[in-house]
Amino acid sequence: MDLPPFALDHWLSSYDFATPPIAYNLASSTGPRWSVADLCALSAAPLVIDDTVLSYAPPEGSRPLREAIGAFHGVEADAVIATTGSSEALSILFCLSAQPGANIVLPDPGYPAYAAVAQAWGLSTRSYRLERSDRFAQRTDAILAQVDADTALVILNTPHNPTGTVMPRADIEALAATLAERGVPLLVDEVYHPLYFAAPQPSAAGIPNVIVTSDLSKALSLPGLRTGWLIDADADRRARIIDARSYFTISSSPLLERLATQALQHSDAILTRLRSVAQKNIAMLDRLVSESGGRLDWVRPDGGTTAFPWLVDGRDSRPLCQSLAAQGILLAPGDCFGHPAHMRLGFAQQAEGFDVAVGRIAEALATL
């Protein structure tokens, strides 16, 4: 899959210092913001970090951090490896999967970095399409149709970025089992777990032939801690991952690991705030779509923090996104994901002012 002509990071960075400034960042895929003071205050006795020794952490992550991650996903700490965000986790897995002629299978639309990082490691990519007419469902048969003798890894992202669809656990189990027969591991990207609007489901961690990646950036709303992880039951592969990480980044910061452990140990409070903001804001999006006069449509997300609405007349959304950016409202145009009529709209970071942003979007739609 070729990279889209306008990469998402390029679009976002071009507005970092915009005039007028961006007041409403609906391009963000994270949750509401937290300060270090907010995070430290979550425990009954506020966390004190002044005594943290600024040395290297273990390459696999500290034991308290891995125990907290394991508890969050319902697995043993020994299956967990900490990484510098889920981006490092992906890069390590792609590095270890790279061999002449190998490919990985990934969703379309999907997180643009999947293809970019895979191709940087010399892997080719094969895409399974999430069809708008099928409500962007991730279908086992569509995924398996792209798997061949050279497939080294299959990626599933649930809840899915950018559409918010969720693959049922029974389907994940069946897909993982079929891939196991072909000797292909299934990577389940769970950065938006456990934010669900329909039926919730447990983590895919622990399903045979599944590697889970996740981080603190999305559902746990703490991208600045740059803390991610891999969960893998395969001890031999874990040893190779830890060895690779020792060359990639050596370790995480022990200071960030202490804050990350605090966040995971108090994840209920963080997720309660996220759900409150997301549910309030997604209700406003329901009204935006229903009152758009047929100009805008969407598949309502079942989970996660993003939606992928589209302009019904099929026009490119970039001019609309540029017009809204000039009014201080940032959306991610669909060409960043290879689908120009769409736009990615994040609805969980903006705890205040989301109604103002939605009102301006409605006014802009009325002029189309």
Side-chain angles (χ1 to χ4, degrees), residues 21-58 60-75 77 80 82-88 159 190-197 200 203 213-229 231 251-282 303-306 346-357:
I22 296 300
Y24 307 100
N25 186 359
L26 276 59
S28 173
S29 56
T30 67
R33 293 178 175 176
W34 291 77
S35 69
V36 172
D38 294 336
L39 187 55
C40 290
L42 286 176
S43 49
L47 176 67
V48 176
I49 57 177
D50 298 9
D51 61 345
T52 304
V53 177
L54 298 178
S55 181
Y56 292 113
E60 69 274 18
S62 70
R63 186 73 189 185
L65 174 60
R66 291 186 295 119
E67 287 177 347
I69 294 168
F72 186 72
H73 286 273
V75 298
V80 176
T83 59
T84 306
S86 59
S87 297
E88 185 185 31
E190 286 191 344
V191 293
Y192 297 98
H193 171 83
L195 180 60
Y196 299 98
F197 305 110
S203 169
T213 58
S214 191
D215 62 26
L216 293 182
S217 298
K218 306 303 183 181
L220 288 171
S221 312
L222 296 164
L225 291 187
R226 306 309 308 134
T227 301
W229 52 86
I231 300 174
S251 73
S252 302
S253 158
L255 180 62
L256 298 183
E257 287 201 352
R258 286 193 68 184
L259 292 170
T261 303
Q262 169 83 347
L264 286 157
Q265 290 173 341
H266 299 279
S267 59
D268 285 350
I270 294 173
L271 291 167
T272 295
R273 183 181 178 214
L274 172 71
R275 291 188 181 102
S276 175
V277 172
Q279 288 171 348
K280 179 182 73 172
N281 290 349
I282 203 172
T305 63
T306 64
F347 52 84
Q349 185 189 89
Q350 200 76 44
E352 303 294 336
F354 195 79
D355 56 337
V356 176

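The model shown is predicted, which means the values in this text are computed figures rather than measured ones. Here, residue 1 is the first one in the sequence, and each next residue gets the next number.
- The two atoms that bring F347 and G304 nearest to each other are CZ-O, 3.5 Å, heavy atoms only.
- Every residue two or more places apart in sequence or in another chain that forms a side chain to side chain donor-acceptor pair (under 3.5 Å) with S43 is listed here: Q262.
- Of all heavy-atom pairs spanning G228 and D215, the tightest one is CA-CB, 3.5 Å.
- Contact between P223 and S217 at its shortest, heavy atoms only, is CA-OG, 3.4 Å.
- Considering all non-hydrogen atoms of both residues, C40 and L259 come closest at SG-CD2, 4.0 Å.
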Side chain to side chain contact (heavy atoms under 4.5 Å, CB included) between T305 and S29, intermediate numbers included
CA-CA 6 Å; T305 63; S29 56; 4.2 Å; yes
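- Listed by first and then second residue, the side-chain hydrogen bond (donor to acceptor under 3.5 Å, both in side chains) pairs involving residues 264-275 amount to none (not counting sequence neighbours).
- Counting only heavy atoms from C-beta outward, the side chains of I270 and L39 approach each other to under 4.5 Å.
- Checking side-chain atoms of E257 against main-chain N and O of S62 turns up a donor-acceptor pair under 3.5 Å.
- Remark: D355 CG to N281 CG distance equals 8.5 Å, nearest 0.5 Å.
- Judged by distance alone, with hydrogens and angles left aside, the side-chain atoms of S252 form no donor-acceptor pair with the main-chain N or O of T84 at under 3.5 Å.
- Separation of atoms CZ (R258) and OG1 (T227) is listed at 13.5 Å; rounding is to 0.5 Å.
- Around CZ of R63, the count of heavy atoms belonging to other residues, nucleotides or ligands within 6.0 Å exceeds 12.
- Side-chain contact between L65 and L264 is present, with at least one heavy-atom pair separated by less than 4.5 Å.
- Of all heavy-atom pairs between P254 and L54, the closest is CG-CA, 4.2 Å.
- Here the straight-line distance linking atom CD of Q349 with atom CG of L26 works out to 9.0 Å at 0.5 Å rounding.
- Between P194 and L271 the shortest side-chain heavy-atom distance falls below 4.5 Å.
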Passes side chain to side chain contact (heavy atoms under 4.5 Å, CB included), S203 versus E190? Steps please.
CA-CA 8 Å; S203 169; E190 286 191 344; 2.7 Å; yes
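- One finds the OG atom of S87 at 5.5 Å from the CZ atom of R226 (value rounded to the nearest 0.5 Å).
- With rounding to the nearest 0.5 angstrom, the CG atom of L42 is 9.5 Å from the CG atom of L47.
- G61 and R66 make their closest contact through O-NE, 3.1 Å (heavy atoms, listed as atom of the first residue, atom of the second, distance).
- Ring-plane geometry between W229 and H73 is classed as perpendicular, the angle between the planes exceeding 60 degrees on a 0 to 90 degree scale with a lower cut at 30.
- For the atom pair CG (L225) and CG (L255), the distance works out to 9.0 Å, reported to the nearest 0.5 Å.
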